[in-house]
Protein chains: 2
Amino acid sequence: MDFAKNQQNRWYQNKEKMFVAIDCIIFGFDNGVLKLLVFKREIEPLKGSWSLIGSFVRFDENSGEAANRILKDITGLEQIFTEELKTYSNINRDPGARCISIAQYALIPIDKHNKDLVEKHGAFWFPLNELPNLALDHDTMVADALERLRNKAKFFPLGFELLPKSFTLPQIQLLYEEIFQKKLDARNFRKKILSLELLTNTKKKDKTSSKKGAFLYQFDPEKYKKFKSIGFDFPILKNNI
Amino acid sequence: MDFAKNQQNRWYQNKEKMFVAIDCIIFGFDNGVLKLLVFKREIEPLKGSWSLIGSFVRFDENSGEAANRILKDITGLEQIFTEELKTYSNINRDPGARCISIAQYALIPIDKHNKDLVEKHGAFWFPLNELPNLALDHDTMVADALERLRNKAKFFPLGFELLPKSFTLPQIQLLYEEIFQKKLDARNFRKKILSLELLTNTKKKDKTSSKKGAFLYQFDPEKYKKFKSIGFDFPILKNNI
DNA sequence: TATAATAAACGTATTTTTTACATTTATTAT
DNA sequence: ATAATAAATGTAAAAAATACGTTTATTATA
């Protein structure tokens with residue numbers, strides 16, 4: 001089925017029908033590099049081009065459930081961090097149909113995801129600065145998601161969602177440097193992160209990147225809950241970048 | 001047309017059709033009180049109950065345009081501050097149809113709006129703490145919008161959107177006290193607000209609330225633009241309320 | 001025309017937070 | 001035993017936030 005044919009499709013022709021889709025902007029942190037999961041479209045429209053992973057919202061699910069469904073399908077993971085970004089509803093954003101998309105961004109612990117599933121779906125992890133052009137308005141979605149990620153990360157400890165269960169302080173610093181695209185001072189960063197009182201030192205060491213080894217920390221979900229309920233105002237980074 | 005009949009309506013019965021609506025959470029600041037514009041439904045479903053102002057998104061407009069259309073219809077105003085809040089898409093949120101709603105909040109300068117239009121539409125301004133229960137999931141929308149307003153107002157000079165062209169410092173302080181539901185120290189507040197360098201003193205005085213009179217300030221749109229482009233990190237209120 | 005009343009305007013000292021910056025430490029490989 | 005490597009640490013200076021009381025401009029009235 002090619003694109004031209006597809007345009008004659010009953011669904012696409014029905015101008016009274018408005019479609020509701022979701023698109024997922026999926027972030028992962030892999031070996032010090034922030035990456036995005038995109039896939040090569042194997043169906044029309046725009047077969048062969050790169051695009052975000054999406055789906056129509058089904059009649060028996062809400063938009064969040066739709067996102068979780070997609071994320072589970074493609075990564076094998078459940079209960080991962082997702083947040084609605086915004087809707088995209090320009091009249092001609094989708095050449096085939098009048099379709100609004102509810103974009104949602106997700107942060108996944110890249111070590112835990114199912115790589116076979118990803119491959120099976122024709123999906124690839126791209127470092128953010130090597131991202132190909134994406135179909136439709138997906139480039140805009142990515143840019144918006146990145147902006148949101150940066151703004152939110154300043155005030156909310158999102159970063160942990162992207163890390164493995166145990167991680168070192170140098171690792172998490174690297175993550176924030178990657179998010180903000182900025183070198184951070186190790187002493188100040190450590191003070192800041194530890195002052196949140198969300199981390200517990202496992203006393204074990206990761207020696208993969210130094211002879212001395214760096215202590216492995218774990219995120220404390222109990223303290224995190226408390227943190228969330230109190231609200232937040234702990235800039236990781238101050239003064240407008 | 002009553003609700004029961006309405007349920008037999010072709011549109012509502014068509015389970016394959018997903019509707020896309022917007023709902024507007026419209027804030028105004030009237031005489032030191034933060035208010036919300038709601039209206040009494042004159043049509044089914046839920047005739048007679050209070051609800052937010054909404055509309056289906058038309059095929060020739062995007063969601064932002066839909067919001068502006070509604071806002072113009074009901075207040076007579078154009079180019080007012082609106083921001084998408086989030087979508088509401090629970091399966092049974094609307095008893096009549098499978099309908100997702102893109103909620104948008106708006107801040108209007110209450111002095112400028114067309115009161116006749118508001119009345120004509122059966123709409124009323126309610127102080128936030130006297131708000132009646134609203135239909136569907138509109139109470140949740142309001143709660144979410146208020147939370148967003150509070151969070152955003154901490155870091156971004158939203159408040160000006162709610163004020164008349166000229167306003168005094170005591171007035172704007174009152175507005176922030178109303179938003180945060182908290183007394184603020186006048187000296188510190190003034191320092192903070194003036195340090196943003198967004199206001200110009202008109203040298204005129206408003207003497208309606210004191211013998212001495214308070215200087216009238218105006219918001220400088222040029223400086224505001226610059227402010228927005230630089231980004232923002234000026235908490236009006238710190239330390240988690 | 002002096003006085004009282006009222007809300008607006010203002011300044012400073014203290015505390016807290018952020019920033020800048022260099023040395024020591026634990027461990028492994030040689 | 002020594003060299004090499006990245007991790008860990010502390011402190012002083014600057015900036016921002018907070019707490020707090022007095023003076024000022026104006027109007028109404030005595």
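Naming convention: chains lettered A, B, ... in sequence-line order (proteins, then strands); numbering from 1 in each chain. As a basis for the values below, the full set of heavy atoms in this structure was taken, side chains included, without hydrogen atoms, waters or symmetry mates.
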Between A/Asp144 and A/Tyr88, a side-chain donor and acceptor under 3.5 Å: yes
Quiz item: cation-pi between B/Lys182 and B/Phe180, 6.0 Å / 45°: no
Separation of C/dA13 P from B/Arg187 CZ (nearest whole Å): 14 Å
Residue met sooner reading DNA chain C from 5', once B/Lys212 and B/Asn188 are mapped to nucleotides: B/Lys212
Gap between atoms CG and P, on B/Asp206 and C/dA9 respectively (whole Å): 10 Å
Cation-pi, B/Phe189 ring and B/Lys191 (6.0 angstrom, 45 degrees): no
Interatomic distance where NZ belongs to B/Lys191 and P belongs to C/dA13 [whole Å]: 12 Å
Side-chain donor-acceptor pair present, A/Ser166, A/Gln218, cut-off under 3.5 Å: yes
Contacting residues from residues 197-205 of chain A, given that a heavy atom lies under 4.0 angstrom of DNA chain C: A/Lys205
Of B/Thr87, B/Asn90, B/Asp23, the residue whose pairing with B/Ser101 passes side-chain hydrogen bond (donor to acceptor under 3.5 Å, both in side chains): B/Asp23
Counter-base of C/dA29, judged by Watson-Crick or G-U geometry with both distances under 3.5 Å: D/dT2
Salt bridge flag under 4.0 Å for residues A/Glu177 and A/Lys183: yes
Whole angstrom value for the distance that separates C1' of C/dA7 from CD1 of B/Ile172: 18 Å
B/Lys183 NZ - D/dC20 P separation (whole Å): 16 Å
Whole angstrom value for the distance that separates C1' of D/dA8 from CG of A/Leu216: 15 Å
Nearest-angstrom distance from the residue atom CG of A/Asp185 to P of C/dC21: 9 Å
